[in-house]
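See structure below.
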2 protein chains.
Amino acid sequence: MTAVAANHAILTRSDAAGFESSLFRGGDHNRASNAGDHTNAIQLGGREDLFLEGDEATHVYEVTEGVVCLYRIMPDGNRHILAFRFPGDIVGLCSPATYGYNAQAVGDTRVRRISRAGLERMIDERSDFARRLLRMATAELNAMRDHLTCLASKSAEAKVADFLLMLAGRSTARAGNAVVVNLPMTRTDIGDYLGLTIETVSRTISKLRRTGVIDLPRTTQVVVRSTGRLAELAGAA
Amino acid sequence: MTAVAANHAILTRSDAAGFESSLFRGGDHNRASNAGDHTNAIQLGGREDLFLEGDEATHVYEVTEGVVCLYRIMPDGNRHILAFRFPGDIVGLCSPATYGYNAQAVGDTRVRRISRAGLERMIDERSDFARRLLRMATAELNAMRDHLTCLASKSAEAKVADFLLMLAGRSTARAGNAVVVNLPMTRTDIGDYLGLTIETVSRTISKLRRTGVIDLPRTTQVVVRSTGRLAELAGAA
DNA sequence: CGGGGGGTTGAAAACCGTCAACCCAGGTGG
DNA sequence: CCACCTGGGTTGACGGTTTTCAACCCCCCG
């Protein structure tokens with residue numbers, strides 16, 4: 001229900017394996033532009049896709065700066081955001097040969113690229129690495145379970161409150177007793193993440209502001225005045 | 001959106017580590033009764049808990065027969081089912097020291113018990129085992145993502161259709177062109193899994209029957225007459 | 001200055017949850 | 001043998017919440 005403990009920089013070894021530009025195919029989408037880099041650090045602008053559903057899963061990425069969202073486009077054209085990934089999180093760990101979802105930078109973002117082959121090699125060479133990787137996968141499972149629990153909540157208010165609590169748990173910025181939370185994502189992103197429309201998201205945030213639970217200095221910044229009341233709204237109906 | 005490929009019997013090595021009866025604490029719940037067994041095979045009756053949220057995660061289980069559901073009790077008393085686990089699936093793989101959810105047998109069920117310590121040992125000794133374990137974790141992630149996608153669907157019809165498709169994907173029983181699907185779980189279980197009320201689940205199933213998409217010989221058995229139309233309902237609208 | 005993306009707010013409608021009644025099967029006990 | 005009870009399931013009516021459709025605002029940028 002709440003945020004998972006951050007596990008920073010678990011992957012530290014650099015990897016200099018060959019570079020396939022096919023990783024950054026974009027279709028109608030924006031594309032990562034610095035595909036010619038020789039380092040494994042990649043910089044992405046807003047709405048640039050890191051990889052697409054169906055791409056060969058040759059690499060895994062660690063977010064080092066910014067936010068990445070994992071999403072799917074449904075048959076009816078609707079977009080559903082499966083997860084947001086923050087610095088320290090891993091993106092692209094999947095069992096089959098191809099990715100099962102798209103990954104896109106929400107704003108300006110930096111990621112570190114690790115080849116799948118290198119990953120396998122390290123698993124063979126160092127068993128503690130395998131355990132750490134497994135721990136990261138289970139951490140992702142925990143986060144996913146919390147998201148599931150959040151989506152199963154009936155009311156829109158509970159969903160939004162839970163979402164803000166997750167962000168507040170990641171934020172270190174304080175203003176007195178209040179927690180300052182930046183929203184790099186748009187209302188549309190939040191709606192697609194919570195299974196709500198933008199209007200409902202906007203209305204719910206407005207209601208939280210009216211009732212004094214949060215403050216809204218800018219549309220992209222929320223100040224949580226009372227995490228307690230927010231938790232009540234998230235937990236009980 | 002659809003069922004994950006079954007990965008049967010990935011864990012084959014038996015494990016004879018010591019047995020802690022504290023695993024089966026039950027509180028007000030039913031309890032697994034054969035805790036004195038000396039084998040690692042465990043038989044469970046309906047509504048028996050395998051472990052509870054907060055229990056020390058000393059073991060991992062492989063379902064060999066029947067269905068296990070993973071669930072949480074929300075602060076407001078509501079139950080939310082995170083997943084159903086079928087034969088071949090693994091239950092209880094988690095990163096922290098304690099389970100983050102409850103696990104309960106839906107009907108008569110058999111599971112195989114593997115100690116966490118034995119798991120770690122095998123990871124150290126055999127790197128291919130680590131990879132298999134990682135693959136299982138990512139398979140679980142895939143299933144969870146599909147569930148998320150399902151829950152984010154706006155309409156109840158789409159959710160139920162998606163749920164039936166998942167079960168149909170696991171079923172091998174055919175009746176002509178139709179797929180026969182057994183429902184070991186109750187309507188309440190389905191509702192708690194999909195974030196719907198029993199009434200809505202019942203009404204939606206009735207509607208699918210009226211429109212000829214499915215047949216309902218018994219309340220515990222669904223015959224999918226047209227997987228195509230079911231997929232349309234699950235995807236679009 | 002005009003246009004577009006993102007956000008907010010209002011009114012109406014559709015959908016789902018709530019409350020309630022009823023049915024059915026199986027088990028228990030008189 | 002039957003009456004009774006209980007758990008699970010279905011169906012109806014009503015009300016609340018969210019979606020839909022729409023208008024409007026604001027800011028940034030060409």
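This is a predicted model, so every value here is computed, not measured. No hydrogens, no waters, no symmetry mates; every other heavy atom, side chains included, goes into these values. A note on names: the letters A, B, ... follow the listed sequences, proteins ahead of strands, and every chain is numbered from 1.
To the nearest angstrom, C1' of D/dG7 lies 11 Å from CZ of B/Arg47. Summarising the geometry, the separation between CZ on A/Arg209 and C1' on C/dG7 is reported as 12 Å, rounded to the nearest angstrom. Straight-line distance from the CG atom of A/Leu194 to the C1' atom of D/dT18: 14 Å, rounded to whole Å. In this structure, A/Lys207 atom NZ and D/dG16 atom P are separated by 13 Å, rounded to whole Å. Taking atom CZ on B/Arg218 and atom P on D/dG8, their separation rounds to 17 Å, with Å as the unit. In this entry the distance linking CG of A/Leu216 with P of C/dG7 reads 11 Å, nearest Å. Atom-to-atom, CD1 of B/Ile198 to P of D/dG12 comes out at 17 Å; the value is rounded to the nearest Å.
In this structure a side-chain-to-backbone donor-acceptor pair under 3.5 Å is present from B/Asp89 to B/Phe86. Under the 3.5 Å distance criterion, the side-chain polar atoms of B/Ser153 are left unmatched by any main-chain donor or acceptor of B/Ser155.
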Taking only N/O atoms, report every protein-nucleotides 15-23 of chain C pair under 3.5 Å with atom names and distance.
residue: C/dC16; atom: OP1; partner: B/Ala156; partner atom: N; Å: 2.5
residue: C/dG17; atom: OP2; partner: B/Thr197; partner atom: OG1; Å: 3.3
residue: C/dG17; atom: OP2; partner: B/Thr200; partner atom: OG1; Å: 2.4
residue: C/dT18; atom: O4; partner: B/Arg203; partner atom: NH2; Å: 2.9
residue: C/dC19; atom: N4; partner: B/Glu199; partner atom: OE2; Å: 3.1

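Of the residues in residues 178-192 of chain B, those placing a heavy atom less than 4.0 Å from an atom of DNA chain D are B/Thr186, B/Arg187, in numerical order.
Ring-plane geometry between B/Tyr193 and B/His147 is classed as parallel, the angle between the planes falling under 30 degrees on a 0 to 90 degree scale with a further cut at 60. Ring orientation note: the planes of B/Phe51 and B/Tyr101 are tilted relative to one another, at an angle of 30° to 60°.
Rounding to the nearest 0.5 Å places CD1 of A/Ile190 at 12.5 Å from OG1 of A/Thr200.
Using a 4.0 Å cut-off between charged nitrogen and carboxylate oxygen, B/Glu140 and B/Arg85 count as a salt-bridge pair.
With 3.5 Å as the limit, one finds no donor-acceptor pair spanning the side chains of A/Arg72 and A/His80. A side-chain donor-acceptor contact under 3.5 Å links A/Asp49 and A/Tyr71.
The side chain of A/Thr219 places no N or O atom within less than 4.0 Å of a non-bridging phosphate oxygen (OP1 or OP2) of C/dG6.
Environment of CZ in A/Arg229: crowded, with over 12 heavy atoms of neighbouring residues, nucleotides or ligands closer than 6.0 Å.
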